[in-house]
Amino acid sequence: MADYNHSKIEQKWQLYWEENKVFKAEIEPDKPKFYVLDMFPYPSGAGLHVGHPLGYIASDIVSRFKRNKGFNVLHPMGFDAFGLPAEQYAIQTGQHPAITTEQNIKRYKDQLKGIGLSYDWDKEVQTCDPKYYKWTQWIFSQLFNSWYNNLSNKAEPIDDLIVIFEKEGNQNVVAACDEDTAVFDVNQWNTSSDQEKAKILLNYRLTYPADALVNWCPELGTVLANDEVKDGYSERGGYPVERKKMRQWMMRITAYSDRLAGNLEKLNWSESMKEMQTNWIGKSYGCELDFKVIDKDITLTCFTTRPDTIFGVTYMVLAPEHELIDELTTPERKEEVDAYIQKAINRSERERMSEVKTVSGVFSGSYVTNPFTKEKVPLWIADYVLAGYGTGVVMAVPSADDRDFRFATYYGLPVKRVIAGTENLDDPTEIKHGKMINSGFITGMNSKDAVKATIEHAEKEGFGKAKINYRIRDAVFSRQRYWGEPVPVYFTDDGIPHLIPENELPLELPSVDEYLPTETGEPPLGRAKDWLYKGKYNYELTTMPGWAGSSWYFLRYMDANNEDTFVSPEAVKYWNSVDLYIGGTEHATGHLLYSRFWNMFLFDKGFIFHEEPFQKLVNQGMIQGRSNIIYKLKDENKFVSVGLKGDDDVIELHVDVNIVNNDILDIDAFKSWMPDYKDAEFELENGKFKCGFAVEKMSKRWYNVVNPDDVIEKYGADNLRMYEMFLGPIELSKPWNTHGIDGVAKFLRKLWGLFYNANGDFVVTDEKPKAEEHKVLHKTIQKVERDIENLSFNTSVSEFMICVNALNQLKCHKKEILEKLLVVLSPFAPHISEELWQKLGHEQSIIFASYPKFNEEFIREDEYEYPIMVNGKMRTKIKFSLDKNPKEIEAEVLENEVVKKWLNSKTPKKVIVVPKKIVNVVV
RNA sequence: GCCGAAGUGGCGGAAUUGGUAGACGCGCACGACUCAAAAUCGUGUUCCUUCGGGAGUGUGGGUUCGAUUCCCACCUUCGGUACCA
């Protein structure tokens, strides 16, 4: 074979790997394991674009590297197959989402295989497969049957809780439960009806039904996802959207807040990722304070982290969703309050949080008493207070809080300064901590001591208590959708939910005539005919969210085909937690928290043996599109090259990047792509029509999507793999530009040229390598090995280029060098490496070769060329033997002609000699 | 708004983490081969310059013998913001 024929080689080896199940991972107790995981994709209808495989290639390099290093590697792939897009397509076309999903998965798999990724496909999972979601439902059942004991700090069986209730009521139970759970004794429990008992238990279960706000679109008759809502209107159709309370299943993730936050320090994740999760969980220390409403038998409890500023409270604010608003609104204020609430409640939380420039609120007519000062303070309602955080009640201190200050300024409410130094400031919130002033018994204390003192005082007086608050909320687990896992629950006539028994799982998705809600506004499952448990009880009609299936898939991979359990103890004991997890930052606070939560729960229950699922996490950046833009003169059927557009009035049009090369437009291709312009004129510069460009999201809409299949066909999978890595650091986002790929293509041809000459003769020899050749090889081994450990793949590719260029220069065709180079290269470019490895006479796949050992001897240097700086500017370089001491170096440097010239016969103030680094002469 | 990340030649990026800024590659220019083109190979390529040198890593300050790297303030872009996945 004379030429490097990538298509032939790549097909040959992909077939070989598949037929021989080379990547099959089985438990081998005597071998160290390594689990490399990719975030599995949602198989969209558009197929993979060139941005998707970035992380997959990186993790594949690590997987192959670890195999060569002697590890038993688990490297699986699957599909997050439930989701909105397939359902949306089903609504439009009537096609069952299972069918489109299956087609999309097939396409994805073909594409992934074409890249030469070393997955063990026998371990594939699909979340929409009943064999898989049987266990998702099973985990739901386990959660339903559990409560969180804050004394043992773990999840425990609900039956144990019932035993406690039967013995002593709930007075001594310290549990994660609903805020409004009543205290009861044994008698009260034992005399309660079964229905009452069931209701009480729901307050404790780790999954439970509750009312939660959703985006309800009456016109579409459906609930919308946040990103389907734009400015209060549905993205499709533009119909008004209102926020409506609906019965939803919730997950009591808040039970795990403290462990989720605390465990982060043990994980090998980036600090920024840990910080994002920490902030999301948002643990804060503070206290609850009770404010009595004047002339009403109501006490409002607020949470605050700044009780030290209590003497600066000038008003009180309720969230517009607060349940007591009706009672707290005086008759004469009612009309205005109702109007305000109507408006405020339909604004999204994000909108309410981010619009800080405009404030809005309304006075309720009621007053409360500040428990410390006994002052009468007006009670307002404002949408900057969210019902979901704290208690939905805020004590407003305009002198110490930015939002309170803006609000008070706008509505002319008083501002009472309580921190020294703020007295004469226009904006007192510039100073938030310091010595307290105008603050009764805490005057003179610093803020920190004052916090303590006020809490102690409140506890003693009985109107407050210290409290740890979390920003994280229980997660809504219901979706009013069809294409998701059915919740394995039915309801008896008393409205009490019951689990479908384990041996009857999975509860499969029924078929429906249409994927829309029912006329009465029930979710699509309400359309299923005669769909009743035991022919008489209603099933739960909502389905599980996208994150249900993805919260435990990493466990299923270990034992993907087990029909008796979700994962066997043997498998999970051996494979344990994921050693390297690669995926996007966009999952920072969703998937990555929910997965940790479920994993922790399964650990508590003793089903698995590691508390944290992902030891090391790396976030890959996104590959953005690089769009090409052409400019058409307004009112003329004429396009101008980018350099000629000047200040003319032009219309910008996106053109398909696939008919543009190096920003030069293929005009004929353009005319057949856009027949409307087949008669247009083109004004060229230097004989070419040059396009402008923009970096934006890779999307059909901008005609900037590059399909990996096309790249592979033209350049090969090895080339695609190396080029994707060569683009830059894995964590950074960067635009895709196919032009640069030629550099890697040249590299692969040069590599091939070390084995075959231009006539197609195999030129590899058995000669002994020279010192220089060993040096080139071992420098590469050292660099690449270190780079892979640091996941710095772009610099590895550079190093390979440097290495091959150097070997070409040395005319090195020696087997001893080349075969080691192939093993080092094989994780990056596995196909060409396999082929050349075979040509060198090896019968076993390069996958099983062991990684060459780096030998320091070969790269040892005995001299170093010091850059010589004068006043921090590099002026010359001088070589010194490494055993020369700094004194000798200094003396010789000062004798150097160039240095003398710069010294200009002045005596240097100081000479800094940093061994093996630099010499700096300071004048 | 809040939380997180990033900003270095015409472009993607490198810099062993405080020590030669621009490795490697693309593009571009010139040269070789060719009747010619493509491909290939070679040389050059941060900017300014009076050819001595000067400036330079988003902007403005600071620390240091020395800053892309550390500190302070700001600007821009990207991700998340609880029902997209």
Side-chain angles (χ1 to χ4, degrees), chain A residues 39-42 44 80 82-85 212 214-215 223-229 248 270-273 275-280 282 348-357 384 388 402-403 471-481 545-547 550 584-591 593 619 621-622 624 626 662-663 693 695 697 723 726-729 731-737 739-744 746-747 749 758 783 786 792 794-795 797-802 805 865-869 871-877 908-912 914 916-923:
Chain A
M39 286 187 187
F40 64 166
Y42 174 79
S44 82
D80 187 13
F82 276 128
L84 267 186
V214 296
N215 301 311
V223 170
L224 298 176
N226 283 335
D227 64 326
E228 295 178 299
V229 182
Q248 312 273 354
S270 70
E271 286 309 311
S272 59
M273 184 60 46
E275 212 167 318
M276 271 193 258
Q277 291 214 339
T278 305
N279 291 337
W280 183 265
S348 70
E349 281 191 13
R350 190 174 322 166
E351 205 183 331
R352 282 164 58 179
M353 283 187 291
S354 53
E355 268 190 29
V356 295
K357 280 177 200 126
Y384 75 89
D402 301 305
R403 287 162 310 175
R471 201 185 74 99
I472 192 171
R473 309 196 292 249
D474 279 343
V476 180
F477 196 69
S478 286
R479 299 291 182 266
Q480 342 296 314
R481 293 287 173 178
W547 57 266
S550 59
T585 19
E586 65 270 26
H587 300 286
T589 51
H591 162 64
L593 265 177
N619 297 113
M622 304 233 297
Q624 295 147 314
R626 187 181 185 280
N662 237 330
D663 291 341
F693 73 92
V695 173
K697 212 176 173 142
Y723 184 56
F726 188 56
L727 280 177
E731 325 77 70
L732 293 190
S733 293
K734 54 246 157 185
W736 174 270
N737 189 345
H739 308 150
I741 203 168
D742 281 338
V744 176
K746 277 184 206 161
F747 160 79
R749 278 202 298 271
K783 171 96 174 115
R786 194 185 284 161
S792 172
N794 54 327
T795 50
V797 178
S798 299
E799 183 59 33
F800 283 124
M801 289 173 171
I802 292 167
N805 286 343
E865 190 175 33
Y866 281 83
I868 312 298
M869 303 173 97
N871 282 339
K873 288 257 169 223
M874 210 272 288
R875 296 305 180 185
T876 188
K877 288 181 186 178
K909 251 193 231 158
K910 208 197 258 185
V911 180
I912 291 142
V914 185
K916 246 201 131 180
K917 286 260 163 64
I918 207 164
V919 179
N920 192 8
V921 182
V922 187
V923 189

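We name chains A, B, ... by the order of the sequence lines, and we start the count at 1 in each one. Predicted model, so just to flag it, every value in this text is computed and none were measured.
Between rC83(B) and Arg479(A), a contact under 4.0 Å exists linking OP1 or OP2 to a side-chain N or O. In terms of phosphate contacts, Asn279(A) brings no side-chain nitrogen or oxygen within less than 4.0 Å of OP1 or OP2 of rG80(B). Contact annotation: Arg875(A) side-chain N/O to rU20(B) OP1/OP2 distance is not under 4.0 Å. Under 4.0 angstrom from either OP1 or OP2 of rC26(B) there lies at least one side-chain N or O belonging to Lys746(A). Distances shown here put a side-chain N or O of Asn226(A) below 4.0 Å from the OP1 or OP2 atom of rA82(B). Between Arg350(A) and the phosphate of rA82(B), there is a side-chain N or O to OP1/OP2 separation shorter than 4.0 Å.
Looking at heavy-atom distances under 4.0 Å, Trp280(A) makes contact with a base. Within 4.0 Å (heavy atoms only), Ser550(A) reaches no atom of the nucleic acid at all. Within 4.0 Å (heavy atoms only), Asn871(A) reaches no atom of the nucleic acid at all. Within the nucleic acid shown, Asn662(A) comes within 4.0 Å of sugar-phosphate atoms alone, with no base atom in reach, counting heavy atoms only. Looking at heavy-atom distances under 4.0 Å, Ile472(A) makes contact with a base. Here Arg471(A) lies in heavy-atom contact (under 4.0 Å) with a base. Glu349(A) comes within contact range of no nucleotide atom at all, as no heavy-atom separation falls under 4.0 Å. In this structure, Glu586(A) reaches the bases: a heavy-atom distance under 4.0 Å links it to at least one base atom across the strands shown.
Here rC24(B) presents its P atom at 13 Å from NZ of Lys783(A), a figure rounded to the nearest Å. One interatomic measurement links the two molecules: CG of Leu593(A) to P of rU81(B), which rounds to 12 Å at whole-angstrom precision. The distance from atom NZ of Lys917(A) to atom P of rG19(B) is 6 Å, rounded to the nearest whole Å. Rounding to whole angstrom units, CH2 of residue Trp736(A) and C1' of rC26(B) are separated by 13 Å. If you take CE of Met39(A) and P of rG79(B), they are 16 Å apart, rounded to a whole angstrom. For the pair His587(A) NE2 and rA5(B) P, the interatomic distance rounds to 19 Å; values are reported in whole Å. To the nearest angstrom, P of rG66(B) lies 9 Å from NZ of Lys910(A). One interatomic measurement links the two molecules: CG of Asp402(A) to P of rC2(B), which rounds to 9 Å at whole-angstrom precision.
Regarding the sugar-base torsion, rU17(B) falls in the syn class, its angle being within 90° of 0. Base orientation of rG62(B): anti, the glycosidic angle falling outside 90° of 0. Classification of rG52(B) as syn follows from a glycosidic angle within 90° of 0.
Distance check on atom P: rC71(B) versus rG54(B) gives 30 Å, rounded to whole Å. When the C1' atom is used for both rA14(B) and rA23(B), the distance is 5 Å, rounded to whole Å. Taking atom C1' in both rA29(B) and rU77(B), the straight-line distance is 33 Å, to the nearest Å. Taking atom C1' on both rG25(B) and rG13(B), the two are 9 Å apart, rounded to the nearest angstrom. Spacing between rG10(B) and rC3(B) at atom C1', rounded to whole Å, works out to 36 Å. rC28(B) and rA37(B) have their P atoms separated by 16 Å, with the value rounded to a whole Å. For the C1' atom pair drawn from rU59(B) and rC24(B), the interatomic distance equals 30 Å after rounding to whole Å. Taking atom P in both rG19(B) and rG66(B), the straight-line distance is 14 Å, to the nearest Å.
Pair assignment for rC24(B) gives rG12(B), based on Watson-Crick or G-U wobble hydrogen-bonding distances that are each under 3.5 Å. Judged by Watson-Crick or G-U wobble contacts below 3.5 Å, the nucleotide rA5(B) has rU77(B) as its partner. For rC65(B), the paired base is rG19(B) (Watson-Crick or G-U wobble, both distances below 3.5 Å). Pairing of rA85(B), defined by two Watson-Crick or G-U wobble distances under 3.5 Å, is not identified with any nucleotide. Pairing of rU34(B), defined by two Watson-Crick or G-U wobble distances under 3.5 Å, is not identified with any nucleotide. The partner of rU43(B), taking Watson-Crick or G-U wobble pairs whose two distances both stay under 3.5 Å, is rA29(B).
Nearest nucleotide to the side chain of Asn920(A), out of rG25(B), rG66(B), rU81(B): rG66(B). Among rG4(B), rC24(B), rA85(B), the nucleotide with an atom closest to any side-chain atom of Ile802(A) is rC24(B). For Ser798(A), the listed nucleotide lying nearest its side chain is rA23(B); candidates were rG13(B), rU20(B), rA23(B). Candidate nucleotides rC83(B), rA14(B), rG4(B) were compared by shortest atom distance to the side chain of Ser272(A), and rG4(B) ranks first. Considering only the side chain of Asn794(A), rA14(B) comes nearest among rA6(B), rA39(B), rA14(B). Considering only side-chain atoms of Phe726(A), the nucleotide from rG4(B), rC84(B), rC24(B) that sits closest is rC24(B). Of the candidate nucleotides rC83(B), rC65(B), rA85(B), rA85(B) has the atom nearest to the side chain of Asp80(A). In the set rC65(B), rC83(B), rA82(B), rC65(B) carries the atom at the smallest distance from any side-chain atom of Val922(A). Distance from the side chain of Arg786(A) is smallest to rU16(B) among rC83(B), rU16(B), rA21(B).
Listed for the Tyr866(A) side chain is no donor-acceptor partner under 3.5 Å among the backbone atoms of Lys917(A). Between the side chain of Lys783(A) and the backbone N or O of Phe800(A) there is no donor-acceptor pair closer than 3.5 Å. Judged purely by atom type and a 3.5 angstrom limit, Asn920(A) has no side-chain atom pairing as donor or acceptor with the backbone of Ile912(A). The main-chain N or O of His739(A) is never found under 3.5 Å from a side-chain atom of Asn662(A) such that the two would form a donor-acceptor pair. Arg471(A) places a side-chain N or O within donor-acceptor distance of the main-chain N or O of Asn279(A), the cut-off being under 3.5 Å. For Thr585(A) (side chain) and Ala588(A) (main-chain N/O), no donor-acceptor pair under 3.5 Å exists by modelled atom type.
Looking at which nucleotide of RNA chain B each of Met801(A) and Met273(A) is closest to, the 5′-most match is held by Met273(A). Place Gly740(A) and Val223(A) on RNA chain B by their nearest nucleotides, and Gly740(A) ends up nearer the 5' end.
Counted within 6.0 Å of CZ on Arg403(A), heavy atoms from surrounding residues, nucleotides or ligands total 12 or fewer; the atom is thus considered open.
Relative ring orientation between Phe726(A) and Tyr723(A) is described as tilted, the plane-to-plane angle lying within the 30° to 60° band.
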